[in-house]
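Encoded as structure tokens, the structure appears first; notes follow it.
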Amino acid sequence: MFIQTESTPNPATLKFLPGQTVLDSGTADFRDRESASGSPLASRIFAVSGVTAVFVGNDFVTATKDDHIEWDHLKPAILGAIMEHFQSGDPVIAADVERSGGHAEHSGEHSEVVNQIKELLDSRVRPAVAQDGGDITFHGFDRGVVYLHMQGACAGCPSSTLTLKMGIENLLRHYIPEVTEVRPVGGLDPFNG
């Protein structure tokens with residue numbers, strides 16, 4: 001098995017491509033070792049000292065490291081953990097563990113606007129973000145503000161503010177006049193400290 005690696009815009013996150021399907025559908029975001037208990041793959045990666053987060057997509061895995069450890073020390077151990085997992089025959093995620101299917105549900109007076117937002121995210125934003133080892137999903141819409149959840153390499157990425165403000169916000173405002181602003185939810189909020 002040959003596993004390729006790619007850097008991401010987030011210097012603390014590296015993308016691993018095992019050359020085969022990792023998850024058939026959805027994504028899985030593990031922000032700490034405890035949350036990975038239902039994923040044999042994520043648990044193996046978290047066993048590597050210095051790993052702080054694991055994100056699993058369709059054909060890739062991203063690992064985020066502690067700032068005090070260099071990739072030169074972590075990368076071989078993570079590659080070994082991924083290879084060991086795929087040779088074991090274990091599932092990536094246990095059958096009873098919930099995966100993220102993507103966007104949050106929304107019903108109400110703005111459902112048409114929300115459907116347009118989700119369509120633009122799915123067609124224009126998420127494929128590009130997946131190339132960088134992450135995902136961005138719809139979380140909510142309130143008084144012109146779109147709330148997005150950033151996962152994988154996107155979470156905590158130094159360029160995430162620029163991506164949200166200059167990229168996604170401009171795209172959504174261009175196509176959907178009801179949108180006035182885009183903000184992240186969960187974890188680090190670069191706009192509100």
Side-chain angles (χ1 to χ4, degrees), residues 1-103 121-122 125-139 148-160 163-164 184-188:
M1 169 178 239
F2 178 72
I3 303 170
Q4 294 181 329
T5 60
E6 293 179 0
S7 59
T8 71
N10 184 347
T13 302
L14 196 60
K15 182 177 178 182
F16 296 84
L17 298 134
Q20 64 188 60
T21 299
V22 180
L23 271 185
D24 290 329
S25 64
T27 60
D29 193 21
F30 304 101
R31 304 306 302 156
D32 54 43
R33 185 182 304 257
E34 292 75 35
S35 67
S37 63
S39 170
L41 173 60
S43 294
R44 279 185 172 96
I45 296 171
F46 270 112
V48 176
S49 180
V51 172
T52 60
V54 175
F55 179 78
V56 183
N58 174 262
D59 63 350
F60 67 90
V61 177
T62 61
T64 303
K65 69 175 186 68
D66 184 289
D67 289 337
H68 305 293
I69 299 176
E70 296 299 320
W71 277 117
D72 292 345
H73 300 293
L74 282 180
K75 186 176 167 182
I78 295 171
L79 285 166
I82 294 171
M83 191 169 297
E84 178 184 303
H85 172 78
F86 282 103
Q87 291 172 345
S88 75
D90 291 340
V92 172
I93 297 176
D96 61 341
V97 174
E98 186 178 327
R99 303 176 198 193
S100 171
H103 305 299
L121 290 173
D122 288 342
V125 177
R126 292 178 80 190
V129 171
Q131 290 292 322
D132 287 338
D135 198 9
I136 295 179
T137 58
F138 174 83
H139 183 78
L148 300 177
H149 184 67
M150 303 173 78
Q151 300 173 312
C154 298
C157 177
S159 63
S160 66
T163 299
L164 277 176
V185 296
L188 179 67

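Computed over heavy atoms, backbone and side chain alike; hydrogens, waters and symmetry mates excluded. Note that the coordinates shown come from a computational prediction; the quantities given were computed from them, not determined experimentally.
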Test your reading of the model: is there a side-chain donor-acceptor pair from [X] to the backbone of [Y], 3.5 Å cut-off?
{"X": "Ser39", "Y": "Val92", "result": "yes"}
{"X": "Asp132", "Y": "Gly134", "result": "no"}
{"X": "Ser88", "Y": "His85", "result": "yes"}

Those residues at least two apart in sequence (or on a different chain) that pass salt bridge (charged side-chain N to carboxylate O under 4.0 Å, His left out) with Arg33 are none

Measure the spacing between [atom1] of [X] and [atom2] of [Y] and express it to the nearest 0.5 Å.
{"X": "Thr52", "Y": "Ile69", "atom1": "OG1", "atom2": "CD1", "answer": "9.0 Å"}
{"X": "Arg126", "Y": "Ile136", "atom1": "CZ", "atom2": "CD1", "answer": "9.5 Å"}
{"X": "Phe60", "Y": "Thr8", "atom1": "CZ", "atom2": "OG1", "answer": "10.5 Å"}

Please report the closest heavy-atom contact between [X] and [Y], naming both atoms and the distance.
{"X": "Pro11", "Y": "Trp71", "answer": "O-NE1, 3.1 Å"}
{"X": "Ser43", "Y": "Ser37", "answer": "OG-CA, 4.0 Å"}
{"X": "Asp90", "Y": "Pro40", "answer": "CB-CB, 4.0 Å"}
{"X": "Lys15", "Y": "Ala130", "answer": "NZ-O, 3.1 Å"}
{"X": "Phe30", "Y": "Phe46", "answer": "O-CZ, 3.7 Å"}
{"X": "Leu14", "Y": "Glu6", "answer": "CD1-O, 3.3 Å"}

Residues which pass side chain to side chain donor-acceptor pair (under 3.5 Å) with [X], listed by chain and number, not counting sequence neighbours:
{"X": "Ser49", "answer": "none"}
{"X": "Gln4", "answer": "none"}
{"X": "Thr13", "answer": "Asn10, Thr64"}

Step by step, would you call Val54 with Val61 a side-chain contact (heavy atoms from CB on, under 4.5 Å)? CA-CA 7 Å; Val54 175; Val61 177; 4.0 Å; yes

Residue pairs involving residues 54-72 (criterion salt bridge (Lys or Arg N to Asp or Glu O under 4.0 Å); sequence neighbours excluded): none

Taking C-beta and beyond as the side chain, do Thr137 and Leu121 meet within less than 4.5 Å on heavy atoms? no

Beyond-backbone contact of Leu148 with Val125, side-chain heavy atoms, under 4.5 angstrom: no

Can I get a per-line list of side-chain donor-acceptor pairs under 3.5 Å for residues 73-84, giving both atom names and the distance, sequence neighbours left out?
residue	atom	partner	partner atom	Å
Lys75	NZ	Thr5	OG1	3.1
Glu84	OE2	Arg44	NE	3.1

